[in-house]
Amino acid sequence: MALLTIKSLTHYFGGLRAVANFDIEIDSGGIYGLIGPNGAGKTTVFNLITGIYRPMEGSIIFKGEDLVGKPPHYIAKKGIARTFQNLRLFSRLTVRENIEVVRFKRVKKTGDKEINIKTDYLLELLNLEKFANYNAGDLPYGAQRRLEIARALSIEPDLLLLDEPAAGMNPSEVDNLGQLIKIILEQFDITILLIEHHMRLVMQLCHQITVMNFGEVIARGTPEEIRSNKNVVEAYLGKGVIRLRGKRAGS
Ligand SMILES: Nc1ncnc2c1ncn2[C@@H]1O[C@H](COP(=O)(O)OP(=O)(O)OP(=O)(O)O)[C@@H](O)[C@H]1O
């Protein structure tokens with residue numbers, strides 16, 4: 001059985017069709033990419049999966065249960081965690097507190113000691129140890145992005161949704177993030193769905209990529225298949241923003 005099967009997912013904002021007949025099937029393990037030009041509907045898909053919006057049509061079957069109509073806290077408890085495109089940290093809490101407050105909400109019965117061990121492990125893994133007692137708002141930007149990932153991991157999800165984790169990072173930070181995502185995949189029994197505009201990162205990490213444009217899936221395949229897909233190149237050329245081969249698409 002697939003970990004997540006989404007069928008015919010459709011959502012409008014007023015008259016704007018943000019997501020239309022979106023389908024995806026995700027098996028356990030590995031990193032799946034979700035890409036597309038700005039405004040394609042990617043973040044809306046995440047918001048539908050995590051219960052922030054209720055889809056107008058379609059089903060979202062996760063571990064055998066339809067999540068449509070379920071509230072965000074239920075979906076998190078069921079095993080889906082996410083990060084946000086615009087960081088949502090508690091800027092006046094420390095790094096450690098940012099992780100513990102989220103984890104504590106999920107694992108209320110766990111004793112303090114276990115929370116600490118787990119938090120220490122996440123701090124080490126995400127290279128945040130030296131910032132443990134800093135306020136989140138005082139961290140360098142790249143570290144804030146890593147803290148978002150640490151927080152999402154702290155609820156021990158089966159599926160991790162990463163929404164543009166490399167946004168605003170410089171090239172060496174992007175490389176480090178790529179390494180980190182690979183390590184996360186090795187260390188946790190987890191599956192990742194990644195929205196990202198950094199094509200090099202997407203092509204390196206993902207074994208299957210789904211491409212959206214104007215709310216619809218326009219292509220699906222391996223990185224190689226996506227690079228040479230005519231619909232994809234045209235979609236990006238229309239927007240003229242994203243580089244598919246390290247150069248402007250088609251140039
Ligand atoms: N809450 C909202 N109210 C109205 N329109 C919205 C809302 N959220 C998203 N939209 C619109 O829905 C469409 C899809 O937006 P979405 O944020 O899902 O795209 P995206 O692919 O994630 O884009 P980006 O790569 O720029 O983040 C866009 O036209 C956007 O303006």
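Read the numbers this way: they start at 1 and go in the same order the structure lists the ligands and their atoms.
For the residue pair Thr43 and Asp163, a side-chain donor N or O sits within less than 3.5 Å of a side-chain acceptor on the partner. Side chain to side chain, Asn47 and Arg82 meet the donor-acceptor criterion of an N or O pair below 3.5 Å.
Ring pair His11/Tyr53 is parallel by interplanar angle, where below 30° counts as parallel and above 60° as perpendicular.
Around ligand 1, the residues contributing at least one heavy atom under 4.0 Å from the ligand are Phe13, Leu16, Ala18, Pro37, Asn38, Gly39, Ala40, Gly41, Lys42, Thr43, Thr44, Tyr53, Gln85, Glu164, His197.
Residues Glu225 and Arg220 are not paired through a salt bridge, judged by the lack of any N-O separation under 4.0 Å between the basic side chain and the carboxylate. A salt bridge does not link Glu186 with Lys182: none of the charged nitrogens is closer than 4.0 Å to a carboxylate oxygen.
For Lys63, the side-chain hydrogen bond (donor to acceptor under 3.5 Å, both in side chains) partners two or more places apart in sequence, or in a different chain, are Asp158.
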